[in-house]
Amino acid sequence: MADASILPLLNAIAAAQRIDDAWDLATGYFAKIGFGRVNYGFTRFKHLKTIGDPDDALFLTTCDADYVKRYFQGGFYAKTPVFRWAEHNSGICTWAWVKEAFEAGRLSAEEAEAVRQNVAMGIVAGMSVSFPEVLSRSKGALGLIADPGVSPADVEAIYASRREEILAVANMMHLTIVHLPQLSRHRALSPRQREALEWVADGKTTQDVALLMGVSPAMVEKHLRLAREALAVETTAQAVAKGALLNMIFQRVPEAAQAAR
């Protein structure tokens, strides 16, 4: 059972207005218990064994730039045995099973090489959280990398004493993040593009939207075209659907969050 002292943190994460705020609160907690390096990934566009367009997925990490380039941008994450575990499970586990499977020769050649590369970087212990998803194409997972000097046995002890607490923080962070606008340079919408999509989603015609926005129909078409380009889709209907999935329309986006992006 989680310690009641964790409740203020859970409430703060739930009240976060930006993804970065929820992330900072959760990772601050993880760092205090021995996991200063944290990776998180979430996609709403999973298909078979792919996560869809990486630009549509959300990746967050507290690791350094070199690790980010290798782990996320290089696709290293998909080669690890814990990624396979996260694909097919939900819940939490330590990485003790990875060491056992590696030593027993039960990993694929690609997974075994990923383990060797992690060991070379000093990554030998940690935990994974795989979140249950109600949508068939959604998937989210969290990786907690043990700090240098924190042994696999130490991780097992932390897991035994704090399992429910860790799960509570991870789940609250995940649930908060997936309901907040997913803002990025790759999928940015201007306030006018977002407004135009919202009116279209309400069933308004181009002429209606022009009147409501106080612009010409040609300007409405321009806003919609730029929105389609930003979201990498072909039709306005697709833009509305994708914008809704990414929480980019019908959301109150703080001005500070917009400026930061």
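- Residues F76 and I145 share a single hydrophobic cluster, defined by chaining ILVMFWY side chains whose heavy atoms lie under 4.5 Å apart.
- Distance check: L211 CG to T206 OG1 gives 12.5 Å after rounding to the nearest 0.5 Å.
- One finds the CE atom of M121 at 8.5 Å from the CZ atom of R37 (value rounded to the nearest 0.5 Å).
- A heavy-atom distance below 4.5 Å is not found between the side chains of P181 and M248.
- A salt bridge is defined here as a Lys NZ or Arg NE, NH1 or NH2 lying under 4.0 Å from an Asp or Glu carboxylate O, and E221 with R225 fails to meet this definition.
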Show your working on side-chain hydrogen bond (donor to acceptor under 3.5 Å, both in side chains) between S128 and W85 and close with a plain yes or no. CA-CA 9 Å; S128 290; W85 177 86; over 6 Å; no
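- Inter-residue side-chain proximity for I177 and Y40 is flagged as met; some heavy-atom pair is nearer than 4.5 Å.
- The cluster map of Ile, Leu, Val, Met, Phe, Trp and Tyr, joined by side-chain heavy atoms under 4.5 Å apart, puts V82 and V119 in the same cluster.
- Looking only at side-chain heavy atoms (C-beta outward), M127 and L167 stay at 4.5 Å or farther from each other.
- Using a 4.5 Å heavy-atom threshold, the side chains of Q117 and K79 count as separate.
- Under a 4.0 Å N-O distance rule, the pair E165/R162 qualifies as a salt bridge.
- Residue W199 qualifies as open at atom CH2: its count of foreign heavy atoms under 6.0 Å is 12 or below.
- Residues T61 and V38 are not in side-chain contact: their nearest non-hydrogen atoms beyond the backbone lie 4.5 Å or more apart.
- Remark: H174 NE2 to I13 CD1 distance equals 13.0 Å, nearest 0.5 Å.
- F250 and L224 fall within the same hydrophobic cluster, defined by Ile, Leu, Val, Met, Phe, Trp and Tyr side-chain heavy atoms under 4.5 Å apart, directly or through other members.
- Both M172 and L180 are members of a single hydrophobic cluster when ILVMFWY side chains are connected at heavy-atom separations under 4.5 Å.
- Ring to ring, Y77 and F59 are close: their centroids are under 6.0 angstrom apart.
- At least one side-chain heavy atom of F131 sits under 4.5 Å from a side-chain heavy atom of N171.
- Remark: W95 CH2 to T80 OG1 distance equals 8.0 Å, nearest 0.5 Å.
- Residues T235 and R228 bring no donor and acceptor atom of their side chains to less than 3.5 Å of each other.
- To the nearest 0.5 Å, the span separating CZ on F35 from CD1 on I166 amounts to 5.5 Å.
- No side-chain donor from either of E234 and Q238 sits under 3.5 Å from a side-chain acceptor of the other.
- If you check the side chains of S130 and K139, you find a donor sitting under 3.5 Å from an acceptor.
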